[in-house]
Amino acid sequence: MGHWPNISPILTVTMKRCSPFKGPFPSYHKPISLLDSCKSMEQIKQAHAHLITTGLLLSPIRANKFLEKLAFSSFGSILYARQVFDQIPFPDLFLHNTMIKAHSLSSTSSYNSMIIFRSVVRGLSLTPNRYTFVFLFKACGNSLGLLEGEQVRVHAIKVGMENNVFVTNALIGMYANWGLVEEARRMFDCSVERDLYSWNIMVGGYVGTGDMDRALEWFDRMPERDVVSWSTIIAGYVQVGCFLEALDLFHKMLQIGPKPNEFTLVSVLAACANLVALDQGRWIHVYIERGEIKMNEQLLASLIDMYAKCGQIEFASKVFCNGRGLRRKVWPWNAVIGGFSMHGKSKEAIEIFEQMKLEKVSPNKVTFIAMLNACSHGNMVDEGRGYFESMASCYGIEPEIEHYGCMVDLLGRAGFLDEAEEIISSMPMAPDAAIWGALLGACRIHKDMERGERIGKILKEMDPNHIGCCVLLANIYSASRRWNEAKVVREEIELNGRKKIPGCSSIELNGVFHQFLVGDRSHPQTKQLYLFLDEMTTKLKIAGYVPQFGDVLLDIDDEEDKETALSKHSEKLAIAFGLMNTAPQTPIRIVKNLRVCGDCHEATKFISKVYDREIIVRDRIRYHHFKKGICSCKDCW
DNA sequence: CTAGGGTTAG
């Protein structure tokens with residue numbers, strides 16, 4: 001009876017209900033609302049004991065409430081619900097529906113929904129109703145196959161349920177979930193009744209297949225649009241990397257659409273983070289703080305992520321600290337650990353992880369990716385090994401291929417190339433191109449030419465079109481002065497259809513984005529920009545900067561044509577543009593789609609000194625904070 | 001006493 005204080009609220013009121021003296025409220029509400037107030041499995045079990053001893057479990061209504069609590073609350077357990085359900089003598093259709101729904105939510109248990117459904121129609125000869133079909137189609141769309149879906153659909157037709165708008169929508173959703181949007185559309189077209197939901201499901205279906213053109217087409221044709229319709233499109237834009245479009249639509253939504261909600265803002269913040277749109281991100285933060293939107297864990301995580309990706313890691317950490325009370329879930333923790341990690345602040349990441357343990361928040365696989373990356377950036381090999389091993393032994397999280405990739409990167413970067421290769425051969429899954437790429441990168445850093453050549457060949461066979469890796473291989477050849485072989489690989493890259501992504505950097509000035517490609521001359525200020533660039537290069541040279549023309553070794557991803565040369569690399573254009581158009585001392589934030597090349601890195605260090613500016617560059621993988629001639633990455637990236 | 005739509009992190 002150690003938990004007696006916990007149980008008392010349930011007991012008191014429920015017993016009141018059993019007493020002949022009824023309170024001022026309809027008595028049946030009370031025990032239900034108190035069951036609702038259960039806050040832990042302990043309390044649920046106590047409620048269970050009580051329901052058994054009072055015989056209340058025999059009431060279908062009460063039993064159903066109890067099952068729902070078990071199946072749908074965050075601390076509940078479907079297994080427990082199933083056991084309770086199995087002990088109910090004659091469960092009615094209602095209870096069966098609840099169990100079908102309970103199993104439909106998790107993709108690993110969806111087949112149980114089907115088993116229960118079969119027992120309903122075969123064993124019990126009950127006639128399923130529209131609720132049954134809604135839950136079942138959900139289960140099918142989640143993880144079951146076409147076969148089951150069709151069976152259920154035929155059954156729905158048989159019992160005359162196929163024209164109920166809820167059932168039709170669930171059916172459309174099932175096809176959309178499978179990625180069969182055209183099938184979904186056929187259902188939509190021949191449905192006798194449709195509503196806003198039907199449209200939203202179709203828009204979501206096209207977004208799910210990445211077909212933004214179609215999604216927009218449907219969005220435009222909608223008779224009415226609600227916050228979900230808008231949010232779906234915005235999220236879709238973010239998913240396919242059209243961040244500017246996402247922000248544009250968000251602005252339009254603010255002008256003519258419904259009020260955004262927390263879902264909308266999560267997507268918008270992701271767009272801001274990717275664009276390094278700090279001003280707009282701040283605006284969202286203010287919007288939330290004004291009380292327009294209720295803050296939740298996801299939103300907090302998105303804010304932290306946005307600030308971190310906009311280079312404001314200190315502020316990101318402050319937002320996390322202020323977010324007390326919203327730290328039960330893993331998301332804000334992952335966001336702040338990931339932020340520290342990408343800014344090379346390994347110690348801080350580890351501190352947060354320790355704090356997380358103290359507050360008893362369970363890490364997940366993303367937490368460990370962030371932690372391993374943090375160790376990698378801080379050269380903390382032993383710590384990294386420790387975290388990697390603790391995943392399975394302490395937290396029951398089996399390492400996935402990404403985690404192995406982090407380990408290869410960590411070990412390789414630190415020079416443990418043999419151990420890194422052993423990790424690859426001991427992995428339970430087949431290594432992918434990213435894994436070999438990490439090892440190849442390590443070979444380049446540590447100038448292990450033999451291994452590099454061997455790995456490079458494996459990689460090239462695996463994915464001949466992976467330009468980055470081919471470039472790496474070519475660099476390894478040229479670094480060991482094997483010019484002919486280097487030339488062959490380079491020519492192959494050319495022949496392979498020039499799939500190389502051009503370097504592209506952008507900068508936000510007063511909420512407007514300016515993008516620069518390599519050697520870009522399309523910007524209206526081009527003339528001044530190139531004049532400024534010349535002047536800048538001269539100043540840098542006076543300060544001691546030496547262009548690293550011949551250094552193909554460090555020229556990892558940036559294999560632009562020789563004649564466009566280093567001085568026109570996109571980040572130099574963007575930085576110069578930033579210097580021209582902002583007041584002295586203003587920090588300059590650049591985002592680049594590829595990795596920074598060695599020469600630009602060197603030049604930026606000088607720029608930060610010569611112009612006395614803080615320059616924050618986000619490349620494809622991590623951040624570089626340049627200040628007074630020094631970069632936060634300590635020249636290791 | 002049951003229903004339907006959409007999120008984050010590498």
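Chain A is the first sequence line, chain B the second, and so forth, proteins listed ahead of strands; every chain is numbered from 1.
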Centroid separation under 6.0 Å, is that true for the rings of Phe135(A) and His103(A)?
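Ring centroids of His103(A) and Phe135(A) are no less than 6.0 Å from each other.
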Quick check: Phe188(A) with Trp199(A) (ring centres under 6.0 Å apart)?
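When the ring centroids of Trp199(A) and Phe188(A) are compared, they turn out to be within the sub-6.0 Å range.
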Nucleotide of [options] approaching [X] most closely (side-chain heavy atoms):
{"X": "Lys138(A)", "options": "dG5(B), dG6(B), dG10(B)", "value": "dG5(B)"}
{"X": "Ile201(A)", "options": "dG5(B), dT8(B), dT7(B)", "value": "dG5(B)"}
{"X": "Glu68(A)", "options": "dG5(B), dT2(B), dG6(B)", "value": "dT2(B)"}
{"X": "Phe94(A)", "options": "dG10(B), dC1(B), dA3(B)", "value": "dC1(B)"}
{"X": "Val266(A)", "options": "dG5(B), dT8(B), dG10(B)", "value": "dT8(B)"}
{"X": "Asn373(A)", "options": "dG10(B), dC1(B), dG6(B)", "value": "dG10(B)"}
{"X": "Asp195(A)", "options": "dG4(B), dA9(B), dG6(B)", "value": "dG4(B)"}
{"X": "Val134(A)", "options": "dA9(B), dT2(B), dA3(B)", "value": "dA3(B)"}
{"X": "Trp331(A)", "options": "dT2(B), dG5(B), dT8(B)", "value": "dT8(B)"}
{"X": "Asp226(A)", "options": "dT2(B), dG10(B), dG5(B)", "value": "dG5(B)"}

Check whether NZ of the Lys or CZ of the Arg Arg225(A) lies under 6.0 Å from the centre of the six-membered ring of Phe219(A) and within 45 degrees of that ring's axis.
yes
Lys101(A) to Phe72(A) six-membered ring, cation-pi geometry met (6.0 Å, 45°)
yes
Whole-Å gap separating [atom2] ([N]) and [atom1] ([X]):
{"X": "Leu249(A)", "N": "dG6(B)", "atom1": "CG", "atom2": "P", "result": "18 Å"}
{"X": "Ile100(A)", "N": "dG4(B)", "atom1": "CD1", "atom2": "C1'", "result": "16 Å"}
{"X": "Phe66(A)", "N": "dC1(B)", "atom1": "CZ", "atom2": "C1'", "result": "16 Å"}
{"X": "Met202(A)", "N": "dG6(B)", "atom1": "CE", "atom2": "P", "result": "14 Å"}
{"X": "Phe133(A)", "N": "dA3(B)", "atom1": "CZ", "atom2": "P", "result": "17 Å"}
{"X": "Leu70(A)", "N": "dC1(B)", "atom1": "CG", "atom2": "P", "result": "20 Å"}
{"X": "Met187(A)", "N": "dG4(B)", "atom1": "CE", "atom2": "P", "result": "21 Å"}
{"X": "Arg618(A)", "N": "dG10(B)", "atom1": "CZ", "atom2": "C1'", "result": "13 Å"}

Would you mind classifying the nucleic acid contact of [X] as base, sugar-phosphate or nothing, using non-hydrogen atoms under 4.0 angstrom?
{"X": "Phe137(A)", "answer": "nothing"}
{"X": "Glu297(A)", "answer": "nothing"}
{"X": "Glu400(A)", "answer": "nothing"}
{"X": "Ser231(A)", "answer": "base"}
{"X": "Lys329(A)", "answer": "nothing"}

When you measure only distances, ignoring hydrogens and angles, does the side chain of [X] come within 3.5 Å of the base of [N] through a donor and an acceptor?
{"X": "Asn200(A)", "N": "dG4(B)", "answer": "no"}
{"X": "Asn169(A)", "N": "dG5(B)", "answer": "no"}
{"X": "Gln298(A)", "N": "dT7(B)", "answer": "yes"}
{"X": "Asn261(A)", "N": "dG6(B)", "answer": "yes"}

Taking only side-chain N and O atoms of Lys101(A), does any of them lie within less than 4.0 angstrom of OP1 or OP2 on dC1(B)?
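For dC1(B), neither OP1 nor OP2 has a side-chain N or O of Lys101(A) closer than 4.0 Å.
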In terms of side-chain heavy atoms, does Arg282(A) have a donor or acceptor partner in Tyr287(A) at a distance below 3.5 Å?
no
Is there a donor in the side chain of Ser302(A) and an acceptor in the side chain of Asp305(A), or the other way round, less than 3.5 Å apart?
no
Does dT2(B) have Tyr131(A) stacked on its base, where the ring centres are within less than 5.5 Å and the planes differ by under 30°?
yes
Compare the aromatic ring of Phe166(A) with the six-membered base ring of dG4(B) and state whether they stack according to the 5.5 Å and 30° rule.
no
Please identify each residue that fulfils salt bridge (charged side-chain N to carboxylate O under 4.0 Å, His left out) with Asp213(A), with sequence neighbours left out.
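Salt bridge (charged side-chain N to carboxylate O under 4.0 Å, His left out) check on Asp213(A) returns nothing, list empty.
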